[in-house]
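These notes concern the structure reproduced below.
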Amino acid sequence: MQNSKTTEAKIATERSPVVAIMGHIDHGKSTLLSYIRKSKEPLNEAGGITQHISAYEVEHTTKEGKTQSITFIDTPGHEAFSGIRKRGASVADVAVLVVSAEDGVKPQTIEALHSIRDSHTPFIVAINKIDKEGADINKTKQSLAENEVYLEGWGGDIPVVALSAKTGEGVPDLLDMIILVAELENLTGDRNVLASGIVIESNRDTKKGITATCIIKNGTIEKGMYITSGTAIAPVRIMENYLGKQIDKASFSNPIRIIGWDELPVVGDHFDVYDNREKAREAVEAQKEKLANKKSNDHGNIYSEGVLMLPILVKADTGSSLEAVINQIKKLDTETVKPQVISSGIGTITENDIRLATGTLKAIVIGFSVKVDSPAKNLAERNEIEIKTFDIIYKMTEWLEEVIKTKTPKVQKEETTGRAKILKIFSKTKDKQILGGRVENGKIALGAQVKITRRDADIGEGKIRELQQQKSSTDEVREGSEFGAMIVSNIEIAPGDH
Ligand code: GDP
């Protein structure tokens, strides 16, 4: 690519911000996202908006006259954002924390705040619903301060905008503020490198096949290239912009949809672009190998000081059944296997739960009187996460006990019962050898495992399949006695071996 871009002298160019809207349910995230979109979106030829992907771009001119494009991630709630953040990749450059002026800070406001702070994403507080009668901006600011969100003019420097997502009042101020915050962040990108970024949505469509929406964080992608994410790969043949229009080329901060993946990319995973198929294939193969190695190393199990940790994620229909399920799980502790509830919640098992269950700790997902939605099923299948749902607690307990039993490490203790010298080999067919020997000490028994040594060095193992003493079958031969035996072993035993 480099040589085709000689006209572009500047390497690092200003990059427009990618913005995530977060906050408590019903505080107005979707309303705000659709207000911004509708107020800015160009209508297409048919006079309507045809197709949407889960991110969009708008152009905004600030009061100071600066025109800048902004990319909004249009995902329902902040679940996708926190899932993405969990993977260590921060897709958003700026977050907007929406807080209703009627309700103030709520549990998901705090959750969103944790996500924002953990990822060190700069953020703006949007106090919404100021058109409503019950709106109280001061009280809302107060509730924010009580939760250690110190706003501008309230003893801190976190920018705040009061607005109504319904009437649009204050929305231009929010967009101005986003541009200002982004400016301070000094966001830059390089158009001359191959694109990379983050997958924010993926779908399996019966007609189109597998599609994924990606946000480019740096570089350029063009038709004819190849895109990979994890072990998934797609040729860049059908690429659409956020309006669903086919495009040939895209660059940083653009949301794009790529159609034609060979498998479902994982939401929140990083993507890379290659200018030839071979390199892309290599990247995917390397990733597959890495996954295979990881699996064979830990067998999917995590041990801590000899105890097998069994991570479990629980979803239940009510608070009390959740508590009951967790209590039951805690009771199933054994000396060697420790079930551990890593996350719990109420409601349907969603993709976000599966994301939490994925990762280094591969958790079992248990649902109690809840449903599993189909994106969750798909993702679980892809990530080999086991989902089990129950309606009766003891059924769950029984099942878990069985799981624990199969996971309990089989303790192999070696105990020597006796030692015998091989005197003669009578015959050998495949792995069976008939031989004669004398027990030098202890005893040998039918069915016992044997270790074969030659000049005191271990050369292999076997098993005593038949045992005779004075030509009649026996179970045991004691010290000093001679015997005949059939030993199953891959080692060719010789006279003089022990
Ligand atoms: P979300 O769950 O955060 O996405 O919240 P929604 O955008 O779905 O909004 C929840 C409800 O509040 C809807 O009925 C909206 O119409 C309403 N709503 C959102 N913003 C405003 C606002 O600024 N003013 C008024 N009056 N209603 C709003």
Side-chain angles (χ1 to χ4, degrees), residues 18-41 49 52-58 60 70-85 91-92 94-117 119 121 123-144 147 149 151 158-178 200-201 213 242 255 267 345-348 350-353 373 375-376:
V18 177
V19 180
I21 309 271
M22 300 166 79
H24 193 74
I25 185 161
D26 279 344
H27 279 196
K29 299 177 293 291
S30 316
T31 310
L32 179 60
L33 275 161
S34 68
Y35 181 88
I36 297 170
R37 182 169 210 159
K38 281 195 200 116
S39 67
K40 301 279 184 181
E41 193 157 273
I49 297 157
H52 281 157
I53 65 174
S54 51
Y56 65 84
E57 293 175 67
V58 296
H60 176 69
I70 306 172
T71 301
F72 284 95
I73 302 172
D74 192 354
T75 48
H78 64 275
E79 287 207 337
F81 181 80
S82 55
I84 288 164
R85 194 189 50 72
V91 65
V94 178
V96 173
L97 181 66
V98 174
V99 186
S100 158
E102 278 186 318
D103 294 352
V105 172
K106 288 279 176 185
Q108 286 164 347
T109 318
I110 294 170
E111 229 174 86
L113 261 172
H114 286 313
S115 285
I116 291 170
R117 291 206 152 124
S119 62
T121 309
F123 72 107
I124 299 162
V125 171
I127 297 181
N128 188 31
K129 306 198 185 185
I130 56 166
D131 62 296
K132 291 194 98 169
E133 230 173 80
D136 189 336
I137 297 177
N138 271 338
K139 208 170 129 196
T140 305
K141 288 183 173 174
Q142 177 95 45
S143 80
L144 282 156
N147 287 281
V149 180
L151 301 174
I158 296 166
V160 57
V161 178
L163 54 85
S164 164
K166 200 157 209 175
T167 67
E169 184 192 349
V171 174
D173 299 325
L174 175 67
L175 299 176
D176 280 10
M177 191 56 88
I178 290 171
I200 60 162
E201 190 184 33
T213 302
Y242 73 97
V267 171
I346 293 167
T348 304
T350 66
E351 250 185 317
N352 202 43
D353 297 318
D373 71 14

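In this chain, numbering begins with 1 at the start of the sequence shown. Because the structure is a prediction, the values reported are computed rather than measured. Counting convention: from 1, in listed order, for ligands and their atoms alike.
The line from OG of S30 to CD1 of I25 is 8.5 Å long, rounded to the nearest 0.5 Å. With rounding to the nearest 0.5 angstrom, the CD1 atom of I21 is 4.5 Å from the CG atom of L33.
Annotation for ligand 1: atoms under 4.0 Å from non-hydrogen atoms of K132 are 25 (C), 26 (N). Against a heavy-atom cut-off of under 4.0 Å, T31 is close to the following atoms of ligand 1: 6 (P), 7 (O), 9 (O), 15 (C), 19 (C), 20 (N). Below 4.0 Å from some heavy atom of K29 lie the following atoms of ligand 1, by number and element: 1 (P), 2 (O), 3 (O), 4 (O), 5 (O), 7 (O). Atoms of ligand 1 found under 4.0 Å from any heavy atom of S164 (numbered from 1 in listed order, with element): 22 (C), 23 (O), 24 (N). Counting the atoms of ligand 1 from 1 in the order shown, those under 4.0 Å from a heavy atom of H24 are 3 (O). Every atom of ligand 1 with a heavy atom of H27 under 4.0 Å away is listed here by number and element: 3 (O), 5 (O).
Some N or O of D26 is nearer than 3.5 Å to an N or O of ligand 1, by distance alone. Ligand 1 has an N or O atom lying under 3.5 Å from an N or O atom of A165, backbone or side chain. For ligand 1, the polar-atom distance check finds an N/O of G28 within less than 3.5 Å of one of the ligand's N/O atoms.
Between the side chain of D103 and the backbone N or O of V99, no donor-acceptor pair lies under 3.5 Å. Distance alone, capped at 3.5 Å, is enough to place a donor-acceptor pair between the N128 side chain and the A165 backbone. The closest donor-acceptor contact from the side chain of Y35 to the backbone of S164 lies at 3.5 Å or more, if one exists at all.
Of the heavy atoms in K166, both backbone and side-chain atoms come closer than 4.0 Å to ligand 1. Contact annotation: for D131 versus ligand 1, heavy atoms closer than 4.0 Å belong to the side chain alone.
For atom 20 (N) of ligand 1, the nearest non-hydrogen atom from the set I25, I130, T167, N128 belongs to N128.
With sequence neighbours excluded, the residues that form a salt bridge (Lys or Arg N to Asp or Glu O under 4.0 Å) with K132 are E102.
Looking at I178, L32, V18 one by one, the single match for side-chain contact (heavy atoms from CB on, under 4.5 Å) with F72 turns out to be I178.
Sorted by first and then second residue, the salt bridge (charged side-chain N to carboxylate O under 4.0 Å, His left out) pairs with a member in residues 160-173 read K63-D173; sequence neighbours excluded.
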